[in-house]
Structure formats: structure tokens, C-alpha cells
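Everything numeric in this text was worked out from a predicted model, so none of it was measured. Quick note on labels: first sequence line is chain A, next is B, and so on, each numbered from 1.
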Amino acid sequence: MPATNRTGDIAPAERTPAERAADHAALARLADTLVPALAGKLGAGSLGEIEIREDGWAVRVRRSAPDAGRRASDRSADRARHTGLPGHTGPHAPHAPAQAPVAEPVASSDGPVHAAATAPVVGVFRPGLSVGARVRTGDRIAVVDLLGIPQDVAAPVDGVLVEVLAQAGDGVEYGQEVAVIEAAAPKAAPAAPSTDGEG
Amino acid sequence: MPATNRTGDIAPAERTPAERAADHAALARLADTLVPALAGKLGAGSLGEIEIREDGWAVRVRRSAPDAGRRASDRSADRARHTGLPGHTGPHAPHAPAQAPVAEPVASSDGPVHAAATAPVVGVFRPGLSVGARVRTGDRIAVVDLLGIPQDVAAPVDGVLVEVLAQAGDGVEYGQEVAVIEAAAPKAAPAAPSTDGEG
Amino acid sequence: MVSRILIANRGEIALRILRACRTLGIEAVVAYSEADRESLPAMLADEAICIGPADARRSYLSAPALISAALVTGCDAVHPGYGFLSEDDAFADAVRAHGLTFIGPPADVLDKFASKAEVRRLLATHGLPTVPGSGLLADEEQALAEAARVGYPVLLKPSAGGGGKGMRMVRSPRELAAVLPICRSEARAAFGDDSLYLEKWLEDNRHVEIQVAVDKYGHGVHLWERDCSIQRRHQKILEESPSPAMSAAGRKELAERAIKAVVAAGYENVGTLEFLVDSEGNAYFIEINCRIQVEHPVTEMLTGIDLVATQIRIASGEPLGFAQEDVPQRGHAIEFRINAEDPAHDFRPGAGTIERFNAPGGPGVRFDSHAYVGYEVPPYYDSLLGKLIVWAPTREGAIARGRAALSELIVDGVTTNVAIHRALLQSEPFLSGKFTTNLLDRVGGAAFLAAAERPG
Amino acid sequence: MVSRILIANRGEIALRILRACRTLGIEAVVAYSEADRESLPAMLADEAICIGPADARRSYLSAPALISAALVTGCDAVHPGYGFLSEDDAFADAVRAHGLTFIGPPADVLDKFASKAEVRRLLATHGLPTVPGSGLLADEEQALAEAARVGYPVLLKPSAGGGGKGMRMVRSPRELAAVLPICRSEARAAFGDDSLYLEKWLEDNRHVEIQVAVDKYGHGVHLWERDCSIQRRHQKILEESPSPAMSAAGRKELAERAIKAVVAAGYENVGTLEFLVDSEGNAYFIEINCRIQVEHPVTEMLTGIDLVATQIRIASGEPLGFAQEDVPQRGHAIEFRINAEDPAHDFRPGAGTIERFNAPGGPGVRFDSHAYVGYEVPPYYDSLLGKLIVWAPTREGAIARGRAALSELIVDGVTTNVAIHRALLQSEPFLSGKFTTNLLDRVGGAAFLAAAERPG
């Protein structure tokens, strides 16, 4: 299953753009060594959150909500009742953020590159292509009916349709992942997060 | 200056006592490698807080308030108006916790061991011994008048009175540090935090 | 009664509508843009559904997305809140065409009351005095002629507008010619309608509005007035009731004339009639807002009547259920709009993450806000972060409560306009009740703040 | 008027007093124990001073520490809140001896009203009916004799107590003999006074109390009643007004008798007269609380009168300033005490750090709480974390608002009793208003919760 790994997703406190860039670089290096060490040592247990303090520094290690890596179809099933709560500690986002309508392909460490096709509007899902179909970027995989007007669910990459995540007649929200494409030719994942809204 | 290093202060989420003990052990090991690495790489900058996320884990690094290591005399000066605010991010404790009336001696990495003598009650400070005086544990250094009844400020360790932090007639609160003793013979600081209320 | 409402709005008003739904036993679905995924109303709702990206044109201003969201989530009604599509008759019509109840006036009533210029004419025929002004302005030539007729300065206003947006005061024909195309394109961008009209600019006026509620059966009551004269750039930032400028007889007469006129004109649901009151106490009708207002809690504090619940009940076809004598005007209430903006720097809007937060509370204090620790204030929408409303038996008491409550309010991580409210509560014109709409704009926010800091 | 008050208490009531001070323009200094250093009142106060360690005997119950703190911080008055030293006449006397104003009845009045047994006799002479009961119990022999006289079951009560603490219902002489020394030592530990008395235990009664306010000049008003029948182990957890069990004539008569009796008996400042009301509607006076009550906001919601400010004004020597006809009883209010305790496990108290927090809000909703994100609830004091008070024109409306508000309340990290309130709002006895003080204890918290979850 194509988990959405977001290595190097950095949320610093108030900083100037220049300082942010420096933090970004420092943390990109740290992330490679620190995070796996923590995750490896503690990830197997049932631990939710740990905080270590020393002098002026505090390190908090937190595991996200169990559903953070779940698929859009699962998410939509329990979207009927949000259980998320405000606050700063703990996983306050009940669901992982939806991808932008045209998601970028992301690589897990070794496997093939997968990309999710998302609903371009809120509406009613109608399937189109079947699993196994070869697609090119921009091809219509399915449609979402917006008040009766079909809106294309476009393939985000060239590849093969490996899974359809919604059923005919399902209500889907904007940005919901409705299909998974296995990219035809995996490219190297970008070393740093790409800039917002471009690419 | 005697900073209060609290290595291995661990605040896990809801856990059974057995699980807590296991976390404790795991983190005691991690703390030795992780925290210095983070602090060393990022401590020099002006960074307040950083969060790194990967898969189901998040690591947050936070620097405490700049005044966390300040002395009681500084604290008492601005105690007239609390500026602290509730919330979980950032330094929400405007002042470091006051020491217990009989503070334990704490060692900074290399210097001499200092210990603070604190006000045993809320009241009016009256000085007693002068700076330079040799004291033994329990000796009266000064008094705090509680509605006219003098209450002893006791020396927490054997040593030399090196500083008196309050003026005659000052109002002092319970636990406020009013004098500093340089211990006569530094002992090794305890490797782990001592248990509450004992020792 | 409707049973499941799509809340087609965001921020504090989405939360306010959610609360009314809960009180009435109605399920509430919050429609949110991607920028509002972590918002408090989305988290507290019975269901929440993403309707589009941050850009409001593709989310909160997209009628198809909102109606589709209502259908997909099984709603039988849509509440538009304020702003966005709340007074859009085409939206109300489309909502009804899809078998849903629009919480607000029916589309034909909205249509009738949509053009400000038309409404002024209509209500004038039902006995409301209006400010000298024009009809819709076809072109520059007509605008210049109308302005010359009523006399400069004039206020240029978008016919479809609200909340002070897109209005410009103009002092000369030359300025009018220069500003006309700008206002037109701003009106088009903001409201999808570039119709403009103009009114005589009344110097030193107050802004007083009458709250009304009229059911489908023609039974209407007024809920007294609100004084909204404290503004910056035509946007209200502090509202109170009763108006310190009106006599008991004056407010009663104006309120009674207002409710009589709108009932006669065929209005339906809750609404607000806005008036300018000149220095001699003459009131001129300027516009009607066919929706819930930001400042509705002021009226709720004085009357004990839940206006949003009333709106939902009326739209569901229920009779009003109370009479004019059941609407007291008890004590004094003041609302402080807490905006994420910097009064010391030209009310520049801000965004950011709320790092610490403490809401004021206690007797006579209400704080309507979607803020919480960790909330990221998005930069895309209006800057309203919350509304502090205080009540006390007297105006002096309400001012004291306001000071106390503002001293408890903590919003760290985002710049707010709290300083301007503190300054207002120290300013002689405000304390004496003798102020007009230009109190702040005459000197500017920064100068007003500086003046408040000076002793004496 | 006093100008600077030491708040000799903690938690939500410290915050409540702080708010009253701010509204009156009085400076507020919060006295805190080491365990409350990071508490919201300590952070919001004009000044905060540490008075001792977590152990209340060395901080909030230490008269010398509190008075010393008041002197050191330049206060001219001390507000004791509720609990702790709030009804301790020796403390009030010592406060006065140091030139400070005690916010509450003067020491001689407190002294006169300190012994519950004495007060029952005193107010009976002024026309209030009392539950059959004893005077102070000298020893076991006298206790057995008195219990035999009034008839079992009897309720054993500490004369100096309050808030239900240390009370025991006893069904037999044997049980009485066993329990007597335990109660005595509990009373000594809790109140520093081991005097006990007993009363006939009235099965199936309601608990109704009358709020009064009397100034130094003998001018007194009642502020109607509160029904506090929803209790667990003699501790109130939900209070409302008006009482659903009383007729308009019945409440008026009781309230008028109460104020007349306490004025005649020489009472001063705000106070509460507690009554048991039996199934035939007969009311028996049981005790007077010479302080502000936890549930005072219920009355504030109905009357619009700030009781804490009233208390401070009276103690400062001001006349009451309003008459009986200025005290309306408008609409219906319900208070839900939010305790850090587990109703499914015998109301076991909890402690911990609040990880997420959302306070309910909107029209008719008040939430008095010292909680915030990151607050560590200390294990040393009572479990009250906040009070949700809802108001609506009718009891049904208030119940609907209560449900809506409870659905918004989020307190993560600490177990609370919210589930018991949700269950109450579904329980037939509560909804019909037909309940007595044993509603919860008859079955226990866990069973009550389970019953609420069963359909139908």
C-alpha cells in the first residue's frame, strides 16, 4: 500500500525566510539520522508520545494517529463523524491532509513509485477505467459528478491503474484520493520538499 | 551559576507503570545520544522550536524560556507582574519553579557546588550573617518575619555564604531564594534525579 | 423543521450556526476549504466535507460545490452565514431548485431586496426616510450628474455589497471619474456584480441599525437597535446596544417604523435595516442586510433570543412564536471584534499560528471564536478571529466588564487589534457616548493608539 | 471601597474573584501554593505570591501565611472564596486585627453563624422550620439518646462543615457508635473543629437553597432559589433555578421567609440558606453558608446581578444599592460541575496534564474554569475543574443548550465526569424534574451511566 512518506516536512517556529532555509538544510541532514533512530527504537511499542528534556532543549517524539496512513476510501468512511479535537499536543489532525487534486508521485524507500488520483470536485463518484489499465498523465480515469456534470479524475502520472478506492455512487469530497497509479518509470524522489503549488 | 539540569526527565503519555519503566530505560539510553546531537547542532542559533515528521513519528525540538535558569532575586523583581500566559507551545512558564525551602546542592559541569537558601515562609526579610561567613547545614543565615515572628532561613549545606539576594525589609514569598552558599566540599552530583520528597 | 444543515461558511459564524443546530436538535455538516481543514467548526461538526481549495471562488463562493456537498452529505438545508453567498439570490434559488431549504429569505425576497438602490426606493414608499442618493449608475456621465445633484462629498457604493466593502468617499467630479472604474472592478471581483450607486456623504453621522425578524406568515417583530458607529475604513469593529445617542422615544419610534416598513414591503426572515443618524438625530435608511449580522450577539445579550435559531425556524416555515412585547431590551451590551490585524500599522491583516490562547469569561461575558491553541489563521479570508461580547445592567458596567475581559484575552502568535479596543475604552468620545463613524479614521489607528497612551 | 484584594483561594473561584475585582477597578493579588504556580489565576493576576507548599494546611489553610502575604503585597482586603478558611471566624478576626477587610460577613457575624446547630435554633426562633435534630453532641451516650429521640435513620454532620464533607447517614445505634469517632476525626482534620450534630434523615427529599444578600445597614434581598438535588455522596454536581419542584407561590413564600429571618437574626453579606424539601413540599432549614457558593453563577444568569462584586461592595461598607423588585428570576439556568473524577469508577478523583481543551460557548453559555492547554491538574485539592452554566428562556431550552454545550467541551488528558452529565440529560427523572437527592447514589455512578446508554 502506498503510504505517504513525508520525510523532511519541517514546521519551524517564526523565522525569516533566510533562517528557514538554513533550518531546512540542517534538519534535512538530521532527519536522516535522528528520525529513523527514534522510530526504530520506539516504533515497535505501544508508546504514544515521549518527551526528553535537557537544559534548554526538549525533544518530543510522537506517533501520529493510527489512521494517519490510511487510504482516502477509509477516511471517507469515518468522515461522517470527526473525532479530532483542538490543541497542540497529540495528533490533533484526525485525518492525514488530503493531497492536492494532482498529487505528486512519492517514493517509499525501495518500492515502485505510486501516485494518487484525487477528486477534482465534491460530488458523486463514477468509475471509468479498470484496474490494470495503462494511462498517461492527464488521462481520464473516472469522473466525479458535480450536480450532474461530470468532472474528470485525471491520471497524475504515466503508469498503470492499480487500485480504485471509491465505489460507483459514493459521495467524495474535494481532494479525496480515489485511485492509485503505479508510475511507469520511477524517477528519483526529490531530495528536498518541492515548493508549494509548483511542479 | 547553578543551573538545574534535568537529564532524563520523561513525560510519557498514558502508560501503565510497567510500560513506563520500560520507556524510562529506553529513553535514558536515547537521551544520551539524541539530545546532545540536537542541542549541539541547533542550540547555537536563534531557533525556538523545530518539528520533524516521518511516517508515524514526529520529533519536536524546543528551547526553553531564556529565563529558565535565572536566579530567585531576578525572579522576585519581576514577580510584581506575571507576564506568563497559558498554552502548550513555547515557554509557558514565566519563571522557573522555585526551589523547595531546603534546596539540594547542584553542580554545574566543572565549577564549585552552590546551593540556595530559601524563605521558609512568606513574610518580611531580615538579614543575619554577612557574606563570607562560614556556615554549617541548618545554621540560621537570616530570618523571615511571619506576622512579627521570625522564621529561620537555614543553610542548606556546609559552606560559605557568598551572596545575599534580598534586602532588609523586602517582602519575600515562600520558597524564594534569598542567599547562596558555596558548598565546602563538592560532592558528586547524583546520576539520576532523586526521588520526590526524600533525601 | 429541517433536520440536517450544511453550513456553507467558515470561522466563528460556522461555529455559531453549529451551536444553533445543536440546540435545535438539528445535525450540522460543515463545508470547508482545504485551508480550513483543521478549523474548529470542521472538527466539532457532526460531519465535515472538503468543498474546494483555499481560494474562496472555488470553495465558499462556489454555489455548485456547496450544493453538491449538501446533497452528498444528505442535508436538507443550507445555511450561508454572512458574507460569501449569504445574500445571493441566484444561490438561494439554486439551493431551492435542488430540493434544499435556504436558511434566509426565500430567493424571490432576496431578489427583491438585492439591489440597494431599489430597496431604498421601495422602503421609502413604506415610510422610511432615505439619504439623498442616486439609482444605479449606468456610466460616468450619469454618475457625475447624480453627484452634482446631491452635492459633494458623495459615497460611492456597490449595489450588491455589504460590510463596507468597496465603498469610497469622493470629494470632487475629478476624483469621481478616477475612482469609478476602480470601484466597479472591485465590486465585480468581490460580489460578482459591478452595479454602483451613490449617496450624499453625511459628515459626522452615526450608524444605527434595527434588527428585525419576520416569519412566512407576515408576523414580524423588531429586536431594537445596535449602534455600529465605531468603524475603521467603513468596517465596524465595535457595536453596542442601546445606542448612547438615541432617546428611549427615538429608538422606539425608529424600530417601529422599520418593522412596519419591511413587513409591508414583503420581507421575510431575520434582517437588519441600517440607518445613518445625523447630529440632529434624524435617521436615514441606507440599506437592508438580508442575513445574520456579525454583531447579532449584541441583540441576543439584551433580548435573550437566539437569532440564528430564529432564522432556522423561520426558514423551516415555523411561525415566529413570540410577539413584540416578548422582546425586552435589557441592560447594555458591547461587542468587540477581535481581528487578526495590526491597528498600529494601518490595520494590516495578519496570519500565523496561535501559540497561546485564553478566552475571557465570567458573568456577562461571551466570546464567540473559532480560535484554539495550535490553530493556523489562514491568510485567505477576512481577519475576524473572534467576538467578545459583554453585558451589564448599565453602559458603565458593560465598559468595566469589557476592560476586565480584554485583560484576560490572550492570543499569541498572531497580531490582533485588541489595542484599539483598549484605547477606545479609554477615549473620552467613546466613554461619553459622543462619537461618530469617523472617530478612528479621522486620525488613523496608530494616532488613536498613541493618543490613548498619553496620560490625561 | 477596598483597593487591592488578596485572593486567598485557588482554581476557578480565584479566577472568578479576579474577574469581579477587575470589573470593580480593584487590584487583585493571587496567593498560590507551590502546586498552583502555573495556575491561570496566578498568571492573570495583577500580582501573584507563593504562600507555601502544596499541602493546604501550610498554604490555603494557613491564616498567618495568607495574612502575611496580604501585608507583604500591600493589600487592604482578603477574599477567602469558598472552602478553606472562608467561614472561619478566627481567620476573619485575624484579618481584621491586621487592618485588612475580610470579604464576607464580619467576624462576629461569622462567629454567630458558625455552629450549624446553634444557627438552626436561632433561625427557628425567627420563623424558619427546621429538620428535627440535635444540638452539639457531647459524647456517644448523648448521640445515641438524640438519635433515638428523632428516630433512625439520622444524618451525622460536622457543625463546622460545608459542601457535604464529613456527613454520614446512619441507620442504627450500632452504626452510630462505630461511625461517631471516625466522623469526629474527619471533622477535625477537615475543619479544625470536631463538633458534630445529627438530624433526622429525610428519605426522598430535595435540596433547595435561597440566596440572600444583606448590607451593613440591614437592607437585605433574596435572589430566589437554586435546586441542588442532583448530588453524589452529598456533593452537588448539578444545580438549577428555578427549582422544577416548587410552585411560583411556594418559592416566593420560602424566599421571603428566608430573607426576613436572616435580616432579623443579624446576618450580613451574601449567604445561602439550605433547605430540605420533602415529597409534600414542606421545606426544612438545615444550614446557612456564610460565603459565596460554587453554584452562585446559576443565580447570576437569572438575575443579571454579580454576586461576587456584591459581596465585595457590602464588605467595603457600601449599601446594597438595589431593592427586591430589582431582582428578577428570568428564564432557566443549569450549572454542570465539571470535576476531574471518574463517574464509572466510584467518582475516583483524577489528576494529570490537560492536553487538549475546548471550552463551550455561544448564546446563553458560560464556562467558568481555570483550565488551559498544558495545565497540570494537581492531585492535592478538590476535583472541580470548571463549571458549565447554560441559560435559556425555558427549562427545556436550557437542557437543549446544556446538551449542545457538553458536546463542545473537550478536556483531554484528565478523566472528567462529563459522562454523568450527559447521562443526566437523558434520564427521565431529570428531564421530568421529578428527582430527589438520592437519584445517583441509589444506583451508583457506573450503574446510572450504564442505564443511560441503554436504548429507550
Write out, in numerical order, the residues from residues 66-73 of chain C with a heavy atom short of 4.5 Å from a heavy atom in chain A.
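Within residues 66-73 of chain C, the residues that come under 4.5 Å of chain A (heavy atoms only) are C/Ile67, C/Ser68, C/Ala69, C/Leu71, C/Val72.
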Report, in residue-number order, which members of residues 137-153 of chain A are under 4.5 Å from chain C by heavy-atom distance.
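Residues in range: A/Asp145, A/Leu146, A/Leu147.
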Could you grab the distance from atom CD of C/Glu47 to atom CD of A/Glu173, nearest 0.5 Å is fine?
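One gets 9.0 Å once the value is rounded to the nearest 0.5 Å.
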Between C/Pro53, C/Ser39, C/Ala65, who has the most heavy-atom pairs with chain A when the cutoff is under 4.5 Å?
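The candidate making the most pairs under 4.5 Å is C/Pro53.
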